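Before any comments, here is the structure.
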Amino acid sequence: QVQLVESGGGLAQAGASLRLSCAASGCAFGSYSMGWFRQAPGKEREFVARIGWSGGSVSYAASVSGRFTISRDNNKNMVYLQMNNLKPEDTAVYYCAARGNYRLLFVAAQVEYWGQGTQVTVSS
């Protein structure tokens with residue numbers, strides 16, 4: 001059973017930084033493409049960032065490009081999202097996501113496993 005557990009969310013002021021972490025278990029982590037999605041109140045879940053199984057194939061949503069950085073540590077079965085220069089519009093629940101069998105992750109419909117989510121709230 002694959003489990004994804006996020007941590008690191010919280011309250012931050014605009015311009016500040018937060019680092020989200022996602023711990024994966026129960027899977028061959030090195031064969032999984034990992035991603036972060038977010039969902040704000042009243043909005044659909046949206047793609048934030050993705051990283052391929054070996055650390056390549058990194059992609060970001062236009063709204064976070066240049067401010068957020070996704071990374072992974074395959075030795076620790078961890079994926080991270082460093083969020084800098086946070087804006088109030090970044091307020092959302094952030095979800096860790098995984099897709100296995102050496103397939104890249106592009107959209108929510110492709111996600112095989114979700115974490116429970118972690119709240120990020122950015123005040124102006």
Side-chain angles (χ1 to χ4, degrees):
Q1 181 75 9
V2 177
Q3 280 196 313
L4 303 174
V5 180
E6 302 99 332
S7 61
L11 179 63
Q13 289 192 328
S17 298
L18 284 174
R19 188 195 195 204
L20 304 183
S21 299
C22 173
S25 61
C27 65
F29 187 71
S31 68
Y32 276 71
S33 175
M34 301 297 295
W36 290 93
F37 290 73
R38 66 187 182 186
Q39 188 166 19
K43 295 189 177 182
E44 292 189 355
R45 193 169 297 190
E46 65 175 3
F47 169 81
V48 174
R50 173 254 289 156
I51 187 166
W53 47 88
S54 61
S57 300
V58 172
S59 179
Y60 298 95
S63 59
V64 307
S65 182
R67 300 187 297 121
F68 290 11
T69 302
I70 189 171
S71 61
R72 66 188 294 159
D73 185 338
N74 283 358
N75 291 321
K76 297 181 178 180
N77 285 11
M78 297 288 295
V79 63
Y80 307 99
L81 185 68
Q82 177 67 41
M83 305 185 295
N84 296 331
N85 190 21
L86 283 163
K87 303 177 180 181
E89 51 263 43
D90 294 319
T91 295
V93 177
Y94 284 71
Y95 296 91
C96 181
R99 188 186 193 198
N101 295 318
Y102 301 100
R103 295 173 295 174
L104 286 177
L105 179 58
F106 294 96
V107 296
Q110 296 173 323
V111 174
E112 294 181 287
Y113 300 100
W114 292 99
Q116 83 286 352
T118 186
Q119 177 71 46
V120 172
T121 302
V122 184
S123 61
S124 57

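Values reported hereafter were calculated over all heavy atoms of this structure, with side chains retained and with hydrogens, waters and symmetry mates removed. Keep in mind that this is a model prediction, so the values were computed, not measured.
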(message) Salt bridge or not between R38 and E89? Use side-chain N to carboxylate O under 4.0 Å.
(response) no
(request) Indicate the atoms forming the closest heavy-atom contact of A108 with W114, along with that distance. (result) O-CZ2, 3.8 Å
(message) For residues 61-124, which residue pairs pass the disulfide bond (SG atoms under 2.5 Å apart) check, not counting sequence neighbours?
(response) C22-C96
(message) A side-chain contact here means heavy atoms from C-beta on lying under 4.5 Å apart; do Y80 and R72 qualify?
(response) no
(request) Measure across L104 and S57 and return the closest heavy-atom pair with its distance rounded to 0.1 Å. (result) CD2-CB, 3.7 Å
(message) Would you compute the distance between atom CZ of R99 and atom CD of Q110 and round it to the nearest 0.5 angstrom?
(response) 4.0 Å
(request) Please go through V64's hydrophobic cluster and name the other residues, only I, L, V, M, F, W, Y counting, with side-chain heavy atoms under 4.5 Å joining them. (result) V2, L4, L18, L20, F29, Y32, M34, W36, V48, I51, V58, Y60, F68, I70, V79, L81, M83, L86, Y94, Y113, V120, V122
(request) Give a yes or no answer on whether the side chain of N74 reaches the backbone of W53 with a donor-acceptor pair at less than 3.5 Å. (result) yes
(message) Are F37 and Y95 an aromatic pair, judged by ring center distance below 6.0 Å?
(response) no
(message) Looking only at side-chain N and O atoms, does Q119 offer a donor or acceptor that is under 3.5 Å from a partner on T121?
(response) yes
(request) Give, for atom OG of S59 and atom CG of L105, the distance between the pair rounded to the nearest 0.5 Å. (result) 10.0 Å
(request) Please report the shortest heavy-atom distance between A14 and S124, naming the atom on each side. (result) CB-CA, 4.3 Å
(message) Strictly distance-based, threshold 3.5 Å: is any side-chain N or O of E6 a donor or acceptor partner for the main-chain N or O of G117?
(response) yes
(message) Within this structure, what is the CG-OG distance for the pair N101 and S33, rounded to the nearest 0.5 Å?
(response) 11.5 Å
(message) Using 0.5 Å steps for rounding, measure from the OG atom of S7 to the CD atom of Q116.
(response) 9.0 Å
(request) Spell out, yes or no, whether V107 and V111 are grouped together once hydrophobic residues are joined by side-chain heavy atoms under 4.5 Å, including indirect joins. (result) no
(message) Distance check, rounded to the nearest 0.5 Å: N85 atom CG versus R67 atom CZ?
(response) 6.0 Å
